[in-house]
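Throughout, a chain's letter reflects where its sequence line sits, starting with A, and its residues are numbered from 1.
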Protein chains: 2
Amino acid sequence: MAERVTIGDLAQRLGLSKASVSYALNGRPGVSAETRARVLALARELQWYPSSSARTLSGARTGVVGLVLSRDPDLLGTEPYYMLVLSGIESALIEAEYGLLLRMVGTEPGRDLAVYERWAGERRVDGVMLFDQRRDDPRIPLVRHLGLPAVLNGAAEPGAALPAVVPDEHGDADRVVEHLRDLGHRRIVHLAGPSGLLHEQRRDQLVRAAADRTGIVVETVEGDYTMGTAERLTTERLQHGPGPTAWVASNDVMALGVVRAAARAGMDVPGRMSVVSWDDSLLCEIGAPPITALDRHPRDFGRRCAQALLAVIAGTPDEDTGPRPSELRVRASTGPAPA
Amino acid sequence: MAERVTIGDLAQRLGLSKASVSYALNGRPGVSAETRARVLALARELQWYPSSSARTLSGARTGVVGLVLSRDPDLLGTEPYYMLVLSGIESALIEAEYGLLLRMVGTEPGRDLAVYERWAGERRVDGVMLFDQRRDDPRIPLVRHLGLPAVLNGAAEPGAALPAVVPDEHGDADRVVEHLRDLGHRRIVHLAGPSGLLHEQRRDQLVRAAADRTGIVVETVEGDYTMGTAERLTTERLQHGPGPTAWVASNDVMALGVVRAAARAGMDVPGRMSVVSWDDSLLCEIGAPPITALDRHPRDFGRRCAQALLAVIAGTPDEDTGPRPSELRVRASTGPAPA
DNA sequence: CTGAAAGCGCTTACAG
DNA sequence: CTGAAAGCGCTTACAG
């Protein structure tokens, strides 16, 4: 059982005041270089670590940022996307010696709000990362009221008045639509995620805008990110008779559902219909056929999100480098539009 | 910007001492029921929350447990297993009003050790969860030396002298081997994960033991959990000529690699060889063919891990309910051994 | 360049 | 049942 070494112990051993030791440890002026060296050497030798609670209590930062995930845990398990974003977040935090407090609250509305309130009240975190933004998202006024530094990730609500990190939404939509246009598709279905999510609305708008420019007609169908629902919706649409020759699904799992429904309906992919996924993953690679997908560099995105929040916390101007352009991984699920 | 409400504010407003307020808030004896009610009412009205740092500094728990993940982030992204375990952990922590401090450090050896040291020194967490145990795992003496409560999850090293939560290892091995035996397989390959991991060693022993009992011969091949390596190893083995008629892979991603290699070698699955995955996931469901897999209830396992750690922290006897038996999901990748 | 002191917001013996 | 006081381990003006 390691004995706790305090700043007082160091001061006593060195014949200094606690203040001097503190200044030395924190690299602040007020001590000679020699004293500083002695302090640092002893601190290392005795394996001194600052008590995070004592530090925070006397006004310092907590060194922790918070993330509340309010998606269905089962969905989180199937979509690799979030795990990759998480790992990107971690990579940026580690460099800044920051920790991540993670909370998965499920989808019951409002449960996430209670967490932010508590974190702010308890002074647990220096800031929070907000994902999956909704229109008139209650989290935005809440964090402002709480004085909790925050960054919006994934979609910028106009006038949200919070810093935001956004993917290359325009480029993504263009890449997908242009690929289908080049293959001769003139009618496509956009199988979107829940329309309550702002980035789904944006995406749909941008897909439509890109399609308009090239004379492509878009039907939008609202899914819920699960394979089962995607399969059912696709089946229903196919029963309405043909029309669209290509499907764009908002995540990899739904894209698989589309492919399944096509198989069940006897529609060859890509012979009679093409399928594109908005997220790439191993699921897309091993699909039968493998699915053309947009690699949006989720880890890179996670990094940017964390960096933006750290910048807000530090009070430094945001140095967001901007999105790294996504890459469309063309696979066997897309082909020329049937004549 | 919410003004911070302190216990002193409450005391002043109510004409009480801070001590009385503290007792009332913490449900400790020393205040009348009426006083307690007044305190609680005002605390709620003013949205008072205890400062976590102040509480911790005066000896209380942090209300946070730590988890260091030292797997390759790309692997974490492809394997749904960990995300599900995480969500199980969260579900138990939420009930206990505990938070999770998460750290993903990559695979460089020793980086995780520095994190435990720091967390202990800074008094950041009340305990840690240890996954992916290795033989002579340096984390075990470390956490003991640091006095950091910990639980070993996934494999019990004999004499490790730390509480452990284990899956139903015997049952798992039996279920897999018996399924293959019933199908008439007499020679199988166990495509294991890295042998440095204790649970992989255990698993191999148990597979061999179960096989011995039924007269099945086992070859063990060591993989690294990736699809690419699994594919390569399988291809190499198949070039040595036939022999084994069934492959058991230690995770879903490797099982897919085996199937791919078989397809490339023109070996029909399950006609000429059967494939079983030790983990179930969407990847197994959508494989071509869908892969027979062991559903080990990862969320349930995560819950048990968190509960065990909370019990250690609370000093209460561990009430582990024991593993929920896994279920083998039989799919098209397993069939009768070829004659 | 260094030291004595107050303060952060709680908890907890100790008196009354 | 209640209050005054010390203490947790830091940081930070303020004197010297």
Side-chain angles (χ1 to χ4, degrees), chain A residues 2-40 42-43 46-64 118-126 147, chain B residues 2-40 42-43 46-64 118-126 147:
Chain A
E3 284 298 312
R4 177 158 229 1
V5 180
T6 72
I7 224 174
D9 299 331
L10 298 180
Q12 197 179 347
R13 289 244 207 170
L14 294 164
L16 295 170
S17 71
K18 293 194 299 175
S20 300
V21 172
S22 175
Y23 290 140
L25 256 11
N26 291 304
R28 309 199 54 193
V31 283
S32 66
E34 193 210 322
T35 305
R36 187 181 308 275
R38 284 174 56 217
V39 171
L40 291 176
L42 186 64
L46 299 185
Q47 304 205 55
W48 172 85
Y49 286 91
S51 151
S52 59
S53 54
R55 243 191 193 165
T56 302
L57 185 56
S58 48
R61 292 177 185 136
T62 63
V64 173
R118 204 173 140 181
W119 280 351
E122 297 182 347
R123 293 280 190 272
R124 277 245 182 239
V125 297
D126 295 335
Chain B
E3 284 297 313
R4 179 161 228 358
V5 180
T6 72
I7 223 172
D9 300 330
L10 298 180
Q12 199 179 345
R13 289 245 208 170
L14 293 164
L16 295 170
S17 71
K18 293 194 300 177
S20 301
V21 172
S22 174
Y23 289 140
L25 257 9
N26 292 302
R28 310 199 53 193
V31 283
S32 67
E34 193 208 321
T35 305
R36 187 183 308 276
R38 285 174 57 218
V39 172
L40 291 176
L42 186 65
L46 300 184
Q47 304 204 57
W48 172 85
Y49 286 90
S51 150
S52 58
S53 53
R55 246 192 190 163
T56 303
L57 185 56
S58 47
R61 293 179 185 134
T62 63
V64 172
R118 205 174 139 181
W119 280 350
E122 296 181 347
R123 291 285 189 270
R124 278 247 181 235
V125 297
D126 294 335

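Straight-line distance from the CG atom of B:Leu25 to the P atom of C:dT11: 7 Å, rounded to whole Å. Rounded to a whole Å, the CH2 atom of A:Trp48 is 10 Å from the C1' atom of D:dG9. Distance CD (A:Gln12) to P (D:dG9): 13 Å, rounded to an integer number of Å. Rounding to whole angstrom units, CZ of residue B:Arg36 and P of D:dC1 are separated by 9 Å. Rounded to whole Å, atom C1' of D:dG9 lies 7 Å from atom NZ of A:Lys18. Atom CZ in A:Arg124 sits about 13 Å away from atom C1' in C:dC10, given to the nearest Å. Computed from coordinates, the B:Ile7 CD1 to C:dT11 C1' distance equals 8 Å when rounded to whole Å. In this structure, B:Leu16 places its CG atom 10 Å from C1' of D:dG3, rounding to the nearest Å.
Side-chain contact between A:Val39 and A:Val31 is absent, with no heavy atoms from C-beta onward closer than 4.5 Å.
The side-chain hydrogen bond (donor to acceptor under 3.5 Å, both in side chains) check on A:Thr62 picks up A:Asp126, with sequence neighbours excluded. In this structure B:Asp9 satisfies the side chain to side chain contact (heavy atoms under 4.5 Å, CB included) test together with B:Val5, B:Thr6, sequence neighbours excluded. Residues meeting the side chain to side chain contact (heavy atoms under 4.5 Å, CB included) test with A:Arg118, sequence neighbours left out: A:Arg103, A:Glu122, B:Tyr49, B:Glu97. B:Ser53 pairs by the side chain to side chain contact (heavy atoms under 4.5 Å, CB included) definition with A:Ser53, A:Thr56, A:Leu57, B:Ser51, not counting sequence neighbours. Residues meeting the side chain to side chain contact (heavy atoms under 4.5 Å, CB included) test with B:Ser32, sequence neighbours left out: B:Glu34, B:Thr35.
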In dot-bracket form, how is DNA chain C paired, counting a Watson-Crick or G-U wobble pair only if both its distances are under 3.5 Å and using | for bases paired to another strand?
-> |||.||||||||.|||
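Of all heavy-atom pairs between A:Arg124 and B:Gly63, the closest is NH2-CA, 4.3 Å.
A:Leu42 contributes atom CG, which lies 11.0 Å from atom CH2 of A:Trp48 (distance to the nearest 0.5 angstrom).
Residues of residues 51-62 of chain A having a heavy atom closer than 4.0 Å to DNA chain C, listed by number: A:Leu57, A:Ser58.
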Nucleotides 13-16 of chain C: which of its N/O atoms have a protein N/O under 3.5 Å away?
| residue | atom | partner | partner atom | Å |
| --- | --- | --- | --- | --- |
| C:dA13 | N7 | B:Tyr23 | OH | 3.2 |
| C:dA13 | N6 | B:Tyr23 | OH | 3.0 |

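When heavy atoms are screened at a 4.0 angstrom cut-off, A:Ser22 is found touching base atoms of the nucleic acid.
Distances from the side chain of B:Ser17 to the nucleotides C:dG3, D:dC10, D:dA4 place D:dA4 closest.
More than 12 heavy-atom neighbours from other residues, nucleotides or ligands sit within 6.0 angstrom of CZ on B:Arg36.
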Identify each donor-acceptor pair in which a side-chain atom of residues 20-30 of chain B lies under 3.5 Å from a protein atom, sequence neighbours left out, and give them as a table.
| residue | atom | partner | partner atom | Å |
| --- | --- | --- | --- | --- |
| B:Ser20 | OG | B:Ser17 | OG | 3.1 |
| B:Ser22 | OG | B:Asn26 | ND2 | 3.3 |
| B:Asn26 | OD1 | B:Arg55 | NH2 | 2.7 |
| B:Asn26 | ND2 | B:Ser22 | O | 2.8 |

